[in-house]
**Student:** 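Can you keep this structure in mind? I'll have questions shortly.
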Amino acid sequence: MLDIKTLRDHLEAIIERLNRRGESHEYLRGVIDDDTKRRDIIQRVEKLKAKHNETSRAIGKLKREGKPVQAVLDQMEADKDTIKALDEARRVLDERIEATLLRTPNLPHKSVPKGKDESDNPVIKIAGDKPVFDFEPKSHWELGTALDILDFERAAKIAASRFVVYKGLGARLERALINFMMDMHVENHGYRETLLPYIVNRESMVASGQFPKFEADAFALKDDRELYLNPTAEVPAINMHRDEIIHEADLPIQYAAFTTAFRQEAGSAGRDTRGIIRLHQFNKVELIKFVKPDQSYPALEAMLESSEAILKALKLPYRVVELCTADLGFAMTKTFDIEVWVPAYNNYREIGSISNAEAYQARRANIKYRPKDGGKPTFVHTLNGSGLAVGRTVVAILENYQQKDGTIKIPDALIPYMRVDKIT
RNA sequence: GGAGGAGUACCCAAGUUUGGCUGAAGGGGCUCGCCUCGAAAGCGAGUAGGUCGGGGAACCGGCGCAAGGGUUCGAAUCCCUUCUCCUCCGCCA
């Protein structure tokens, strides 16, 4: 959420910056109008309340002294109704302002390139060598089906389309990757291992920025507590510290979290219908940081390196792009996507996304830290990144490590976890 | 599922029986000093509190004691609803 005071003071600049995302944010002028009315009402009603409180205290005093109070009581009736009416008017304005701000995205960082769609995302790094095949490489769904490690038909029977059953060494590969990634981040990169609930409540979804705008993407449980399946570990992880004031000495807080993520993929009905690139359920190792504001950009760089380290260790070719203003996520100021080479697409595909939300989520979730020098509690900055999407890493391994005979070589770094060196 | 108990500021914890002078005692914490090679402990001094509105600031005021409603001139304290945690019983991976 944007800070209303900042919005008040820099309305034009903020609208201009938000408009780089490609949608109009002129409606924010209405928020400022409401805010002006709201503050006017606050001043009036608070004056009345102050008077009312003062009179009440006087009554207490009179009673203690044994003096009559009836005359004073009669005077107070009139103001009560005015106070009630003003409070109600304020409540309406508060709600309207909040509803609008909750649907307003984060301000892109100054450095984010302006663009019209994802084709404008600049490539900032290319790493690793693409495999050279002396045969026609197969897609991961062809390989996986032939090796009987991926089973789409049975998954559809059990659940629906866009699910998969992993079998045999395919299932083990998924599990090996989860362990490999978690170990790397916990042992080498200083993250604390967490295992989080896969079900989250509405407040959590609002705080991290999924709701109210993207409700259609979530799986809602049929339960009167308004619960949802976890769409990304970012949601439960950020909400670990909702409504908390953190000691400065405890920052930065860094969590690594493996979760299974569930998404409706509401806006992607016809895309990536084959294979395991886009499923309703997928596994992901996520990195989350809570940092002091002046640390968030260095922390973003470090997080990107931690994610890249996985691909480097697995010797998978990838590139890093920076998301332009049009492609930038709702809650984020700046995002790097890591894209892995996928031979079947003859292209790079997203395998991870590393973002800084600055104070946007912290403000929604009310997460602050208390500065050691005695300053006011201040919103932390939050970051989150994939480290990495596990299913898409399986795709990359199957396709990049495929052999002419249809078997899959296991990357050296993963052999201790797989305990075999190939999938046959 | 049944029966009890409890939620007070960054943390712990008084206050709830008897509604008012309670922004809410007291600790811890935090800051500084002494001590020490340095630290810890100990001792001494100091500090404040969350949030919103007004103000350049000092400061003034509103809200606020799990959340939401109610009674009252006045609620941490009385009433109602909800949530969470703890204990015991039952059931269960």
Side-chain angles (χ1 to χ4, degrees), chain A residues 1-9 31-102 195-207 221 223-228 236 239-253 290-292 359 362-380:
Chain A
M1 197 152 62
L2 300 179
D3 175 32
I4 186 78
K5 286 179 205 147
T6 312
L7 188 63
R8 205 183 282 157
D9 294 341
V31 172
I32 294 305
D33 288 343
D34 280 350
D35 176 58
T36 306
K37 286 183 209 154
R38 171 180 168 272
R39 285 187 295 153
D40 177 58
I41 288 173
I42 286 173
Q43 285 182 53
R44 284 197 279 155
V45 74
E46 287 190 354
K47 223 168 267 174
L48 287 173
K49 285 182 179 175
K51 193 174 102 188
H52 192 264
N53 288 343
E54 199 184 332
T55 313
S56 282
R57 277 192 293 270
I59 291 173
K61 206 171 165 193
L62 288 176
K63 281 207 162 177
R64 257 172 279 131
E65 293 167 354
K67 294 178 180 165
V69 296
Q70 192 53 49
V72 193
L73 290 182
D74 293 344
Q75 280 177 19
M76 300 183 76
E77 280 307 314
D79 284 346
K80 265 188 123 174
D81 291 340
T82 316
I83 288 172
K84 207 164 187 179
L86 288 174
D87 271 344
E88 174 61 14
R90 182 200 167 159
R91 195 189 57 77
V92 169
L93 287 169
D94 278 346
E95 262 176 29
R96 203 158 72 194
I97 291 166
E98 197 192 17
T100 306
L101 289 182
L102 284 176
L195 203 49
L196 300 158
Y198 287 11
I199 290 175
V200 297
N201 57 33
R202 163 166 278 275
E203 262 187 300
S204 294
M205 292 291 263
V206 171
L221 267 54
D223 184 296
D224 56 15
R225 285 171 295 189
E226 292 202 82
L227 300 173
Y228 302 86
N239 279 282
M240 285 235 274
H241 295 289
R242 171 150 48 86
D243 293 321
E244 289 186 16
I245 298 177
I246 299 165
H247 280 108
E248 179 174 344
D250 292 334
L251 294 176
I253 294 173
F290 302 81
V291 303
K292 284 192 270 178
R363 197 171 286 114
R364 283 173 165 249
N366 190 28
I367 306 170
K368 299 180 173 177
Y369 78 100
R370 190 180 299 282
K372 241 182 148 153
D373 61 19
K376 282 271 164 199
T378 307
F379 289 114
V380 298

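Chain letters run A, B, ... following the sequence lines, proteins first and then strands; every chain starts at 1. Note that this is a predicted model, so its numbers are computed, not measured. All heavy atoms count here, side chains included; hydrogens, waters and symmetry mates do not.
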**Student:** Stepwise, does the ring-ring contact (aromatic ring centres under 6.0 Å, His included) test hold for A:F290 with A:H241?
**Tutor:** CA-CA 9 Å; A:F290 302 81; A:H241 295 289; 4.9 Å; yes
**Student:** Pairs of donor and acceptor atoms involving the side chains of residues 37-47 of chain A, under 3.5 Å and at least two apart or interchain, shall be tabulated with distances.
**Tutor:**
residue, atom, partner, partner atom, Å
A:R38, NE, A:D94, OD1, 2.6
A:R39, NE, A:D35, OD2, 3.4

**Student:** Does A:K368 pair with A:D243 as a salt bridge, N-O distance under 4.0 Å?
**Tutor:**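 Not counted as a salt bridge, because no side-chain N and carboxylate O are separated by less than 4.0 Å.
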**Student:** Within less than 4.0 Å of OP1 or OP2 of B:G50, is there a side-chain N or O belonging to A:R370?
**Tutor:**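 For A:R370, the contact criterion (side-chain N or O under 4.0 Å from OP1 or OP2 of B:G50) is met.
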**Student:** Could you pull out all residues at least two apart from A:K51 that satisfy side-chain hydrogen bond (donor to acceptor under 3.5 Å, both in side chains)?
**Tutor:**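 Result, side-chain hydrogen bond (donor to acceptor under 3.5 Å, both in side chains) vs A:K51: A:D79.
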**Student:** In whole angstrom, give me the gap between the C1' atoms of B:G5 and B:C92.
**Tutor:**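 So the two C1' atoms sit 25 Å from each other.
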**Student:** Which atoms form the tightest heavy-atom contact between A:V380 and A:A362, and what is the distance?
**Tutor:**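 Smallest heavy-atom distance, with atoms named: O-CB, 3.2 Å.
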**Student:** For the side chain of A:I245, counting heavy atoms from C-beta on, which of B:G54, B:C73, B:C10 is nearest?
**Tutor:**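 Taking heavy atoms from C-beta onward, the closest nucleotide is B:C10.
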**Student:** Starting at atom NZ of A:K84, determine the distance to atom C1' of B:C63, rounded to an integer number of angstrom.
**Tutor:**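 The answer, rounded to whole Å, is 17 Å.
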**Student:** Can you tell me the pairing partner of B:G61 across any strand shown, Watson-Crick or G-U wobble, with both distances under 3.5 angstrom?
**Tutor:**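 Pairing partner: B:C52.
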**Student:** Using a 4.0 Å heavy-atom cut-off across all strands, classify A:R8 as base, sugar-phosphate, or nothing.
**Tutor:**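 It contacts sugar-phosphate atoms only.
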**Student:** Report the residue (A:H247 or A:D35) whose heavy-atom-nearest nucleotide on RNA chain B is the more 5′ of the two.
**Tutor:**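 Result of the comparison: A:H247.
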**Student:** Determine the interatomic distance between C1' on B:A41 and the same-named atom on B:U16; round to the nearest Å.
**Tutor:**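 Here B:A41 and B:U16 have their C1' atoms 39 Å from each other.
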**Student:** Is the shortest distance from a Lys or Arg side-chain nitrogen in A:E248 or A:R370 to a carboxylate oxygen in the other one below 4.0 Å?
**Tutor:**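 Between A:R370 and A:E248 there is no salt bridge, as every charged N stays at least 4.0 Å from the carboxylate O atoms.
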**Student:** Using OP1 and OP2 only, check whether a side-chain N or O of A:K5 sits under 4.0 Å from B:G53.
**Tutor:**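 Affirmative; the distance criterion is met.
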**Student:** Which nucleotide, in any strand shown, forms a Watson-Crick or G-U wobble pair with B:A13, with both distances under 3.5 Å?
**Tutor:**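 Base-paired to nothing in any strand shown.
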**Student:** In whole angstrom, give me the gap between the P atoms of B:G44 and B:G27.
**Tutor:**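 That atom pair is separated by 12 Å.
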**Student:** What distance, rounded to whole Å, do you find between the two P atoms, one in B:G26 and one in B:A14?
**Tutor:**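 Straight-line distance between the two P atoms is 15 Å.
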**Student:** Please tell me which of A:R225 and A:V45 maps to the more 5' nucleotide of RNA chain B, matching each residue to the nucleotide holding its nearest heavy atom.
**Tutor:**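 It is A:V45 whose nearest nucleotide is closer to the 5' end.
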**Student:** Taking the P atom in each of B:A13 and B:U8, what is the distance between them to the nearest angstrom?
**Tutor:**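 It comes out at 8 Å once rounded to the nearest Å.
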**Student:** Measure CD/A:E244 against C1'/B:A66 and give the value in whole Å, please.
**Tutor:**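 About 15 Å, once rounded to whole Å.
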**Student:** Tell me the interatomic distance from A:D94, atom CG, to B:G53, atom C1', rounded to whole angstroms.
**Tutor:**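 Between C1' of B:G53 and CG of A:D94: 12 Å.
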**Student:** Looking at A:R91 and A:E88, is there a salt bridge between them, counting it only when a charged N and a carboxylate O are closer than 4.0 Å?
**Tutor:**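 A salt bridge links A:E88 with A:R91.
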**Student:** Does B:U71 have a Watson-Crick or wobble mate here (both distances under 3.5 Å), and if so which one?
**Tutor:**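 Base-paired to nothing in any strand shown.
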**Student:** Collect all protein-nucleotide pairs involving nucleotides 57-61 of chain B in which both atoms are nitrogen or oxygen and the distance is under 3.5 Å.
**Tutor:**
residue, atom, partner, partner atom, Å
B:G61, N2, A:E46, OE1, 3.0

**Student:** When the C1' atoms of B:A24 and B:C65 are compared, how many Å lie between them, rounded to an integer?
**Tutor:**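 Straight-line distance between the two C1' atoms is 8 Å.
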**Student:** Looking only at side-chain atoms of A:P377, point me to the closest of B:G53, B:C73, B:G50.
**Tutor:**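 For the A:P377 side chain, the nearest candidate turns out to be B:G50.
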**Student:** Which whole number of Å gives the distance between the P atom of B:A25 and that of B:C10?
**Tutor:**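 Roughly 14 Å separates the two P atoms.
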**Student:** Are there any protein N/O atoms within less than 3.5 Å of an N/O atom in nucleotides 20-22 of chain B, and if so, which ones and at what distance?
**Tutor:**
residue, atom, partner, partner atom, Å
B:G20, O2', A:R64, NH2, 3.4
B:G20, N2, A:S56, O, 2.8

**Student:** A:L101 has an atom CG; how far is it from atom P of B:C52, in whole Å?
**Tutor:**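 So the two atoms are 13 Å apart, to the nearest Å.
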**Student:** Please report, rounded to the nearest Å, how far the C1' atom of B:A67 is from the CG atom of A:N366.
**Tutor:**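 So the two atoms are 15 Å apart, to the nearest Å.
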**Student:** Compare the minimum distances between each of B:G74, B:G50, B:C52 and the side chain of A:R38, then state the nucleotide with the smallest one.
**Tutor:**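 Out of B:G74, B:G50, B:C52, the nucleotide with an atom closest to A:R38's side chain is B:C52.
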**Student:** Starting at CZ of A:R39 and ending at P of B:G54, how long is that distance when rounded to a whole Å?
**Tutor:**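 So the CZ-P distance, A:R39 to B:G54, works out to 5 Å.
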**Student:** Rounded to whole angstroms, how far apart are NZ on A:K368 and P on B:C11?
**Tutor:**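 Going from NZ in A:K368 over to P in B:C11 covers 14 Å.
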**Student:** On a heavy-atom basis, which atom in A:E203 and which in A:N239 lie closest, and how many Å separate them?
**Tutor:**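 The pair with the smallest heavy-atom distance is O-OD1, 4.3 Å.
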**Student:** Mind checking whether A:L102 and A:V206 have side chains closer than 4.5 Å, heavy atoms only?
**Tutor:**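 Of all side-chain heavy-atom pairs linking A:V206 with A:L102, at least one is under 4.5 Å.
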**Student:** Could you list the residues that satisfy side chain to side chain contact (heavy atoms under 4.5 Å, CB included) with A:D223, not counting sequence neighbours?
**Tutor:**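 By the side chain to side chain contact (heavy atoms under 4.5 Å, CB included) rule, A:D223 matches A:L221, A:R225, A:L227.
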**Student:** If every non-hydrogen atom of A:N201 is compared with every non-hydrogen atom of A:Y228, which pair is closest and at what distance?
**Tutor:**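 Shortest heavy-atom separation between A:N201 and A:Y228 comes out as C-CD1, 4.3 Å.
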**Student:** Looking at residues at least two apart in the chain, or sitting in another chain, which of them share a side chain to side chain contact (heavy atoms under 4.5 Å, CB included) with A:L195?
**Tutor:**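 Checked A:L195 against side chain to side chain contact (heavy atoms under 4.5 Å, CB included); matches are A:F258.
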**Student:** Can you tell me how far C1' of B:C73 sits from NZ of A:K51, to the nearest Å?
**Tutor:**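 Atom-to-atom, A:K51 to B:C73, this comes out as 13 Å.
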**Student:** Given the C1' atoms of B:C78 and B:G19, what is the spacing between them in whole Å?
**Tutor:**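 After rounding to an integer number of Å, I get 8 Å for this pair.
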**Student:** Return the pairing partner of B:C88 with a 3.5 Å limit on both distances, Watson-Crick or G-U wobble; otherwise return none.
**Tutor:**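 B:C88 is paired with B:G2.
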